[in-house]
Amino acid sequence: MRALRRINVHPVLSGALRPLGQLARNLRWAWHAETQELFRAVDPQLWESTGRDPLGLLAQVDPARLQVLAEDRRFVRAVAQREADLNEYLSADLWFQRHAAENPDAPSAIGYFSAEFGVSEVLPQYSGGLGILAGDHLKAASDLGVPIIGVGLLYRHGYFRQSLNAEGWQQERYPLLDPNAMPLTLLTEDGVPVTIEVPLHGRTLHAQIWVAQVGRIPLLMMDSDLEVNAEADRAVTDRLYGGGADHRLAQEVLLGIGGVRALRAWCRISGQAEPEVYHCNEGHAGFLGLERIREQMAAGRDFDTAVELTRAGNVFTTHTPVPAGIDRFDTAMVQHQFADFAPLPLERVLALGAEDYAGGDPSRFNMAVMGFRLGQRANGVSELHGEVSREMFSPLWPGFDDAEVPIGSITNGVHHLTWVHPALLRLLELPAGEEEMGVDGYDWDALERVEADTIWSMKRRMRADLVTMARERLAVSATQRGMAGHTDWISRALDPGVLTLGFARRGASYKRLTLMLRDPERLIRLLNHPTTPIQIVVAGKAHPADDTGKALIQQMVRFADREDVRERLVFLPDYDIAMARPLYPGCDVWMNNPLRPFEACGTSGMKAALNGAANLSIRDGWWDEWSDPRCGWDIPSAEDVTDPDQRDAIEAETLYSIIENQIVPRFYDRDVSGVPQGWVRLIRDTISVLGPKVLASRMVRDYVTELYDPAAASARSLGAGDASVELATWKRGVRGAWPQVKVLHAESLTGESVQVGSTLAFVALVQLGDLGPDDVEVQLITGDLHGDDELHGVASSPFSSVSDAGDGTWRYQVELQAVRTGARGYTVRVVPRHDRLAVAAELGLAALPG
Ligand SMILES: *Cc1c(COP(=O)(O)O)cnc(C)c1O
C-alpha cells in the first residue's frame with residue numbers, strides 16, 4: 001500500500017541530551033570531526049547505516065539507548081562540550097569582524113544566490129562542481145565570520161541518483177526528499193509559514209522558505225510544492241536541471257525574484273541587516289537584478305537610476321567558457337514572462353539580456369550578458385578563465401582591448417575541513433594557542449617534521465579506506481546490474497598497496513572521460529604490470545539529457561567489466577560528496593584531461609592535492625596557474641592541433657608516457673624499509689606548496705577584499721543623496737551624445753624614429769559635441785606592432801593638457817618618455833569619465849579615429 005502522507009516522529013531529547021538536536025540541525029557538524037564522533041558514539045552501527053546523518057540517527061535510535069546515554073557521565077559531558085563549542089563558534093569574533101573593524105567599506109551582509117548548494121550529502125541539492133563550490137563558499141564564510149546569507153531552491157528530488165544497467169548504460173532515479181527529515185526549518189512568522197509570491201507567466205507562484213543553518217550562515221531555500229499552486233507550478237522546484245526551457249525559466253524566476261523576496265522576509269523576521277552586496281553565482285540567479293530594480297522603482301526611482309543602484313552592489317561570477325554552458329532563453333519566452341512586471345518597461349528588461357553585439361543572436365536572452373550589465377563587478381574563477389572570459393565577452397565592450405574588459409578573476413578554492421582526511425588533518429594541526437602561526441589554523445609545512453614512514457603508512461590507510469568504500473559500492477552496483485552471482489572478484493578489486501589514480505567528474509564531453517582508453521592495450525599493460533601495477537578509480541554522472549556523455553560512461557564501464565581489467569580499474573556509480581570524501585585521500589595521482597581552456601577552474605584536483613595526491617593534468621583552470629613540478633605533472637595541451645582526433649592522440653600519448661616513465665618509477669622506488677622517499681617528498685611538497693593556495697578561505701577573503709568591500713562602498717555612496725540620479729542622468733547624457741564624439745586628428749610631434757629615453761609629444765584634436773572635457777578622458781594608447789597594424793599589449797595614458805578649439809572641438813596634448821625599443825604603434829581613444837565608474841570600459845563606449 002502507498003502511504004498517503006508522511007509523519008515524522010522525533011525522539012524526545014530531554015535534559016542533558018537536548019543539545020543533540022541543535023547539534024544535528026546546524027550543519028557545522030559536517031565539517032567538525034568531534035561533533036561527528038559524538039553522533040557516532042550514540043550508535044556506531046546506526047551512524048553508518050544512516051549514511052552518517054545525525055538527524056536520521058536521532059530519528060531511529062532506540063529510546064532505551066538514549067536512556068543509557070543520558071546516564072553516561074562521559075557522554076553527557078561530551079554533549080555539553082560540543083554544545084559550548086558550537087555556541088562559541090557561532091558568536092566569536094572571527095576574521096571578518098577584525099577586517100570590518102579596520103575597513104569601513106566592509107558590507108553589512110551579502111546575499112549569495114546560487115541554483116545549487118553542495119553542503120553535505122544529507123542535503124543533496126547539487127549536481128557537481130558549481131554546487132560544491134557554493135557549499136564550500138558558505139562553509140568558509142562561516143569559518144571566517146563573513147555575514148553571507150545563502151539563497152537557493154529546495155528541489156524535492158534534488159539531482160538524480162545514478163546507477164547502471166547490465167549494459168553499463170546510466171540509469172537515473174529521483175528519490176523524493178522529505179524536508180522534515182533534513183536539517184531544515186520552515187521560516188514562520190507567529191507560527192505561520194511565510195510564503196513569497198512571484199509572477200509566473202501571468203499567474204502567481206507561491207513558495208515557502210526552508211532555512212538550513214550552515215554554521216553561522218543561513219541558507220534560504222524556496223520550495224513551490226504547495227497546495228495553493230497549480231499542479232504544474234508545484235513542480236517548479238521538483239528537480240535540479242530537469243525539464244525544458246520553460247521549467248528552467250520558472251526556476252530562475254523563483255530563484256532571482258523570489259530569492260530577493262525571501263531574503264527580505266528573512267531579514268525582517270530575524271531582525272538581521274539587509275545585504276548591501278548581492279552575489280550572483282553563475283547566471284541562473286540573474287533575475288535578482290530585475291527584482292532589485294523593481295524595488296527601487298517602487299520607491300520612486302526612474303528605471304535608469306534604479307539600474308545604477310542595483311549595479312553598484314551586484315557581483316556576478318561566470319563559471320564556464322563552454323558556449324553551450326551559458327544560460328540563454330528564447331527572447332519570446334522572456335518577453336512573455338516579463339510582459340507585465342510593472343513598473344519595469346518590457347523593452348528595457350529585454351535589452352538587458354540582448355545579444356545586440358557582433359556575433360550575438362538577436363533571438364536569445366542571455367543570462368550571463370544580463371549578469372555583466374547588472375553587475376558593476378564581475379569575475380571568472382581562475383586566472384586563465386578570467387582571460388578567456390574577457391576574450392569571450394569582449395563584444396560587449398567594443399573599442400577596448402581584451403585585457404581591459406572588466407571581468408577579473410578569483411580562483412576557486414576548497415574547504416579543507418570538509419575535504420582533508422581526518423588523520424592528515426590531525427598531523428597538520430597547530431598546537432592550541434598557536435593557530436595564528438599557520439594559515440587558517442593549520443601548518444601546511446607540518447609534514448616536514450613527520451617521519452616518512454609515518455606519512456607512508458597513513459597514505460596506505462587512506463588507500464585502504466578508498467578500497468573498502470569502492471568494494472561496497474561495486475557490490476551494490478553488481479546487484480543492481482543483475483550480476484550478483486559473479487561477484488567474488490569484488491573482494492580482490494583494488495589493492496591498498498598499488499599506485500592509485502583517480503578520475504571523477506561530470507560526463508561533460510570536454511572533460512574527456514575516455515581519453516585514457518585511447519590505447520586500451522597500453523593501459524592494460526600498465527594496470528596488470530607484474531611488479532609495478534597501477535589501479536584507477538573512475539566516477540561521474542552524465543546529465544540525463546546527454547546521451548553522448550552516457551555513451552562515454554558506457555564505454556568506460558564496458559572496459560571496466562573486462563575480466564582482465566576489473567580488479568584494477570573500477571567505475572563507481574553515483575559520484576557525490578559521500579563518495580568524494582574518501583576518494584581524494586585514497587588517490588596518489590589525480591588525473592585531469594579536459595580540452596583546454598574549457599575547464600574554468602576545476603576543484604577536484606585541489607581536493608586531491610590537499611590530501612597529498614599529485615596532479616597529472618592538462619594546464620587548464622587552476623592548474624595553469626599553480627602547476628608546479630614539485631606537486632605533479634603537466635600534460636601539454638595540443639590545442640594548436642585543429643583535428644580533434646589528432647589532438648586526443650597526442651595528449652593521450654603524453655598521458656601514458658608520463659605515467660610509465662615518471663609516475664610509476666617514482667612510486668615504486670623504495671628504500672630499504674620499503675618507503676618511497678621520492679614519493680613522500682611529493683606528498684610533503686604538494687601539501688606545503690598548494691595547501692595555503694587552494695583553500696576556500698583564501699577564496700572567500702579574496703571575494704571580500706576585491707569584490708564585496710568595493711561593491712558595498714559603491715552601493716553606499718551611490719545610495720546617498722542624489723548621487724544615483726546624478727550618475728544615471730550623466731550616463732544617459734553621455735550615451736545620447738556619444739555619436740558626436742570623434743577623434744578628428746592625431747599626430748606625433750616628434751617624428752617616427754626616435755631614441756629610447758627621448759621625450760615624445762602627441763597632439764589630438766577631438767570633437768566632444770555636447771559633452772565637455774570633464775565628461776571624458778582622452779587617452780594615448782600605445783602598443784607593440786607585430787608586422788601588421790594591430791596593437792599588442794596595449795597601455796593607455798591620459799592626455800594631460802586640453803584647450804578649447806571652438807565649436808565643440810578640443811585640442812589635447814601629452815608628452816611621454818620612449819621607454820621601450822622596437823616597432824611601437826599608437827592611437828588615440830576617447831572614453832567616458834566619471835568618478836563613480838569602476839573602470840573606463842564600464843559603459844562600453846569608446847571613440848577611436850576613423
Ligand atoms: C569537487 C567535486 C566536483 C567538481 O569537480 P571538478 O574538478 O570541478 O570536475 C564534482 N562533484 C563532486 C561530488 C565533487 O566533490
Side-chain angles (χ1 to χ4, degrees), residues 30-31 114 116-137 139-140 158-162 240-241 281-282 317 319-322 325 380-382 384-385 411-421 466 469 473 502-513 515 537-543 549 552 572-587 589-611 613 615-618 620-626 632 690 694-696 699:
W31 66 99
S114 178
E116 42 174 315
F117 285 94
V119 177
S120 157
E121 58 268 42
V122 305
L123 198 59
Q125 300 287 318
Y126 62 94
S127 77
L130 182 70
I132 305 275
L133 178 81
D136 280 6
H137 196 102
K139 292 177 197 172
Y159 197 53
F160 74 92
R161 305 291 303 269
Q162 180 195 49
L240 174 59
Y241 306 139
N281 186 46
E282 192 46 289
T317 302
H319 281 270
T320 179
V322 182
V381 291
S382 67
L384 177 63
H385 178 234
T411 305
N412 285 343
V414 297
H415 184 244
H416 52 293
L417 297 175
T418 299
W419 298 108
V420 178
H421 191 282
L466 165 58
M469 180 274 283
R473 288 178 183 256
F503 186 104
R505 42 187 51 85
R506 282 182 302 114
S509 50
Y510 76 86
K511 297 198 184 228
R512 289 191 298 187
L513 170 69
L515 190 71
V537 181
V538 184
K541 295 172 169 182
H543 186 277
L552 294 176
L572 304 181
D574 207 25
Y575 182 38
D576 71 350
I577 293 177
M579 181 198 294
R581 228 173 309 99
L583 174 59
Y584 304 124
C587 290
V589 176
W590 193 253
M591 273 195 286
N592 182 37
N593 48 41
L595 283 168
R596 191 178 187 270
F598 290 132
E599 189 64 84
C601 179
T603 52
S604 52
M606 296 177 168
K607 293 179 261 182
L610 274 188
N611 283 289
N615 273 269
L616 168 59
S617 176
I618 297 274
D620 199 5
W622 73 280
W623 186 248
D624 186 61
E625 207 166 312
W626 291 329
L690 294 176
V694 302
L695 300 182
M699 167 182 75

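Each ligand, and each atom within it, is numbered from 1 in the order the structure gives.
Residues F503 and L515 form no side-chain contact, since every pair of their non-hydrogen atoms from C-beta on lies 4.5 Å or further apart. Contact annotation: the side chain of D576 approaches that of Y126 to within less than 4.5 Å [non-hydrogen atoms, C-beta and beyond]. The shortest distance between side-chain heavy atoms of P321 and H385 falls below 4.5 Å. Taking 4.5 Å as the limit, some side-chain heavy atom of W623 sits within range of a side-chain heavy atom of L690.
Within the 4.0 Å heavy-atom criterion, both parts of S604, backbone and side chain, lie near ligand 1. Counting heavy atoms under 4.0 Å from ligand 1, residue M579 does not touch it at all. Under 4.0 Å from ligand 1, not a single heavy atom of W622 appears. Here W419 has side-chain heavy atoms under 4.0 Å from ligand 1, and that is the only part of it that gets that close. Both the backbone and the side chain of T603 come within 4.0 Å of ligand 1, counting heavy atoms alone.
The protein non-hydrogen atom at the shortest distance from atom 11 (N) of ligand 1 is Y575 CE2, 3.3 Å. Atom 1 (C) of ligand 1 has its closest protein heavy atom at K607 NZ, 1.5 Å. Among all non-hydrogen protein atoms, the one lying nearest atom 13 (C) of ligand 1 is D576 C, 3.5 Å.
Atom CG in N592 sits 5.5 Å away from atom CD in E599 (nearest 0.5 Å). Rounding to the nearest 0.5 angstrom, the gap separating the CE atom in M579 from the CG atom in L572 is 5.0 Å. For the atom pair CG of D574 and CZ of F160, the computed distance is 8.0 Å after rounding to the nearest 0.5 Å. Expressed to the nearest 0.5 Å, how far CD1 of I618 lies from NZ of K511 amounts to 13.0 Å.
Residue contact check: G129 has heavy atoms under 4.0 Å from atoms 3 (C), 4 (C), 10 (C) of ligand 1. Residue contact check: Y584 has heavy atoms under 4.0 Å from atoms 1 (C), 2 (C), 14 (C), 15 (O) of ligand 1. Numbered from 1 in the order shown, with element, the atoms of ligand 1 that lie under 4.0 Å from a heavy atom of A580 read 15 (O).
Geometrically, ligand 1 and Y126 share no nitrogen or oxygen pair separated by less than 3.5 Å. Close N/O approach between K511 and ligand 1 is found [any backbone or side-chain N/O within under 3.5 Å].
Taking the six-membered ring where the residue is Trp, W31 and H415 present perpendicular rings, their angle passing 60° and hence far from 30°.
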